[in-house]
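Here is the structure we will look at.
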Amino acid sequence: MHIALRQSAAARVEAVELDDAGAELGRHDLDEGALTQWVREREAGHPRWVWSDTARWYPPLLRAGVRVERCVDLRLCHRILRHAVSAAGSELATGGRDGWDSPPPAPSAAPDALFDLEPPPVDDDPVVEWLRQRSAVEGSSQPGRLALLLAGESVGALVAVEMRFAGLPWSPARHDELLTELLGPRPALGRPALMEAALARVREALDEPDLNPDSPVELVKGLQRAGLRATSTRSWELKRIEHPAIAPLLEYKKLARLYSANGWHWLEEWVHDGRFRPVYVPGGVVTGRWASDGGGALQLPRQLRAAVVADEGWTFVVADASQLEPRVLAAMSGDAAMARAGQAQDMYQGMVDAGAVETRPQAKYGMLGAIYGGTTGESGRMRPRIARAFPTAMAYVESAARAGEKGEVVSTWLGRSSPPGAADSYDETASDAELRKLRNDARGWGRFTRNFVVQGTAAEWALCWMGSLRRRLWQLGGGDAADAPLTDRPHLVFFLHDELIVHTPRALAEQVAAELRESAAEAGRLLFGAAPVEFAVTVAIVDSYDQAK
DNA sequence: ACCGTCGGCGCC
DNA sequence: AAAGGGCGCCGACGGT
């Protein structure tokens, strides 16, 4: 059973019930105010909700206490199918641009309103689009994989909205303590005391009493006036200079970064009622990774993770997929030797034990080089060793790189395709300055496509992991029988590419940990079937995020 | 006053 | 120690 929702007019919603073959079973013209209750009742039948954008339809449902099990996010799925090589002949892919190619409408400016006061534009018909997407999947050369990708993308969209709704538990008091320890008390104006102290030492050591440390241009000039051979102010370049000004300067830069990016201003702007609620953007990265919008959610500095504190009586279960990208590469390339190395909990150590390289850092940087296309330094030196030990895996990424260099499109395991390589190709992402620059550099574009297939497939694994875990957590919390809202049960509060955080009543923590491991194994089976690759996860039960790892 | 770009750095 | 891939955010800066 599927139910498509559509804004049909101001304050009116049309719901169309469809059977699994796509035949229409019934239509309902609903008043917007009655929608949440209607969805609540229908949810008992476990339908898949078909809607334009999860970020638009789901938040008011969650606020009303309605959690849904399944959906199709038409816009996210459309974007995948528009470019997917495995569905290139479909009507969807060959047709011209339409409303489904446009970005989603801006989110509501009135967060407490059930729906926008201004009615959103009337949707394009979701039933028509859904049928078009089904037909694209069914006619594709990889229907099973594409269907899994679309399901994963859609469940990710549900999780993204649920995580914003629940929020990441955050202690403002602890955050303030950390800032005060590192920077000194919050100043009324000017720099915090410890930043000012570090700056004074820099000025003293350079004999530059008026040095402005916040302007890279001024800073380089000041360093040069003092006789230092600095051409930039990047910390890794500064580290190579021996001079008494360098240590305090690096300290100043570190503190300045913390102060401006995650200081008291950030705390006031982003943390309310003990929760950090960023906007997560599923599919926001070309490879399929999530992006975030506001608050820098995917760049929480380690320095501040002690401020992520579980509620009283609750705890966090933090899980991290170890060496996810190498494992994904082993599975997708079918490299048996690499898969054997991955039998170890620590895959890099497994590579050492297999005799491929001598040390763990060699394994790590060698693999990073293989996946990213590194040619210099340790990663470049290790490339031949990695290629000898794992020829099948290396051939796989080399092939992706050569395809990119020739301007060809590459695809992930489940079928997300890379943006077109040709510089004159017509594509909305062609306006992106970074992509344009890369396209004009064949080797650079080859590094991009090389990484795309691995990073993108890792993102697919992570979506499946998260989707599987979401279902298990709901069951652990009593399933549909328990009349408890999402945030009274074990629930996801954070996702960072290969890492998940669950907030759970303490008594359920061990079971949550087991589900995190089992869902990782399930994700591996979903993507790669019986391939002999293990997806090891490290799991920690902690009361604050900094205690993990 | 506002806008886009850039250097730099946080995360994976 | 640093370099390859992917991001977002900050302040500075140069343009209107």
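Chain letters run A, B, ... following the sequence lines, proteins first and then strands; every chain starts at 1. Just the heavy atoms: all of them, side chains too, but no hydrogens, waters or symmetry mates, feed the values below.
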Tell me: CG of N262(A) to P of dG8(B), nearest whole Å?
20 Å
Which atom pairs link the protein and nucleotides 14-16 of chain C when you take only N or O atoms and keep those under 3.5 Å?
none

Assess the pair W465(A) and F495(A): is the distance between their ring centroids shorter than 6.0 Å?
no
Looking only at the side chain of Q455(A) (C-beta and beyond, no hydrogens), which of the listed nucleotides dA1(C), dG6(C), dG8(C) gets closest?
dG6(C)
By the 4.0 Å heavy-atom rule, please label G284(A) as base, sugar-phosphate, or nothing.
nothing
Given the options V454(A), V533(A), V453(A), L329(A) meets side chain to side chain contact (heavy atoms under 4.5 Å, CB included) only with V454(A)
Protein-nucleotide distance (W270(A), atom CH2; dC9(C), atom P), rounded to Å
7 Å
Does E534(A) reach the side chain of Q345(A), with side-chain heavy atoms less than 4.5 Å apart?
no
Please work out which of the three classes, parallel, tilted or perpendicular, describes the rings of W266(A) and W170(A), given edges at 30° and 60°.
tilted
Who are the ring pair (Phe, Tyr, Trp, His ring centres under 6.0 Å) partners of F316(A), not counting sequence neighbours?
H503(A)
What's the shortest heavy-atom distance between S154(A) and C77(A), and which atoms?
OG-SG, 3.6 Å
On the nucleotide dC12(B), are OP1 or OP2 found under 4.0 Å from the side-chain N or O atoms that R302(A) carries?
yes
Need one value for D293(A): base, sugar-phosphate or nothing, where a base atom within 4.0 Å counts as base even if backbone is also close, heavy atoms only.
sugar-phosphate
May I ask you to list the residues of residues 158-183 of chain A, by number, that have any heavy atom positioned under 4.0 Å from an atom of DNA chain C?
none
Using atom names, set out every protein N or O paired with an N or O of nucleotides 3-5 of chain B below 3.5 Å, distance rounded to 0.1 Å.
none

I need the residues from residues 357-377 of chain A with at least one non-hydrogen atom less than 4.0 Å from DNA chain C; give them sorted by number, or say none.
Y365(A), Y372(A), G374(A), T376(A)
Under a 4.0 Å heavy-atom cut-off, which of residues 224-261 of chain A touch DNA chain C?
W236(A), R257(A), S260(A)
Testing the basics here: between M163(A) and V493(A), what is the closest heavy-atom pair and its distance to 0.1 Å?
SD-C, 3.6 Å
Which nucleotide in dG6(C), dG4(C), dC9(C) has an atom nearest any side-chain atom of Q299(A)
dC9(C)
Might you point out which heavy atoms bring G222(A) and L211(A) nearest each other, and give the distance in Å?
CA-CD1, 3.8 Å
Calculate the interatomic distance between R289(A) atom CZ and dG8(C) atom C1'; express it in whole Å.
13 Å
For H272(A), is the NE2 atom crowded, meaning more than 12 foreign heavy atoms sit under 6.0 Å from it?
yes
Whole angstrom value for the distance that separates C1' of dA3(C) from CD of E378(A)
11 Å
Under the side-chain hydrogen bond (donor to acceptor under 3.5 Å, both in side chains) rule, collect the residues that match up with R525(A), sequence neighbours excluded.
none
The answer to which of L298(A) and S379(A) contacts DNA chain C further toward the 5' end, by nearest nucleotide, is S379(A)
Let me check something: any side-chain donor-acceptor pairs from residues 385-410 of chain A under 3.5 Å, sequence neighbours excluded? List them with distances.
from    : atom 1 : to      : atom 2 : distance (Å)
R385(A) : NH2    : E358(A) : OE2    : 2.9
E398(A) : OE2    : R383(A) : NH2    : 3.0
E398(A) : OE2    : R450(A) : NH2    : 3.2

Between the two end axes of the helix from dA1(B)-dT16(C) to dC12(B)-dG5(C), each built from 5 base pairs, what angle do you get to the nearest 10°?
10°
List, one per line, each side-chain donor-acceptor pair under 3.5 Å for residues 245-252 of chain A, sequence neighbours excluded.
from    : atom 1 : to      : atom 2 : distance (Å)
E251(A) : OE1    : R201(A) : NH2    : 3.2
Y252(A) : OH     : R191(A) : NE     : 2.9
Y252(A) : OH     : D214(A) : OD1    : 2.8
Y252(A) : OH     : D214(A) : OD2    : 3.4

Note, L527(A) side chain near T457(A) side chain (heavy atom, < 4.5 Å):
yes
Tell me the interatomic distance from E398(A), atom CD, to dG4(C), atom P, rounded to whole angstroms.
16 Å
Rounded to the nearest angstrom, tell me the gap between atom CZ in F495(A) and atom C1' in dC7(C).
13 Å
Would you check if F276(A) and P278(A) make a side-chain contact, meaning some heavy-atom pair closer than 4.5 Å?
yes
Sequence neighbours left out, what passes ring pair (Phe, Tyr, Trp, His ring centres under 6.0 Å) with H497(A)? Give chain and number order.
none
Among dC7(C), dC9(C), dG5(C), find the nucleotide with the atom closest to the side chain of V285(A).
dC7(C)
Using a 4.0 Å cut-off on heavy atoms, which residues in residues 195-220 of chain A reach DNA chain C? List them by number, or say none.
D214(A), S215(A)
Taking atom C1' of dC7(C) as reference, at what distance in whole Å does atom CG of L496(A) sit?
11 Å
To check you understand the geometry: which heavy-atom pair defines the closest contact between F452(A) and P419(A), and what is its length?
CE1-CD, 4.3 Å
Side chain to side chain donor-acceptor pair (under 3.5 Å) partner of T287(A), the single match among R416(A), Q455(A), E460(A):
Q455(A)
Are the aromatic ring centres of F528(A) and W461(A) under 6.0 angstrom apart?
no
V155(A) versus M466(A): any side-chain heavy-atom pair under 4.5 Å?
no
Would you kindly give the CG-to-C1' distance between L304(A) and dC11(B), to the nearest whole Å?
13 Å
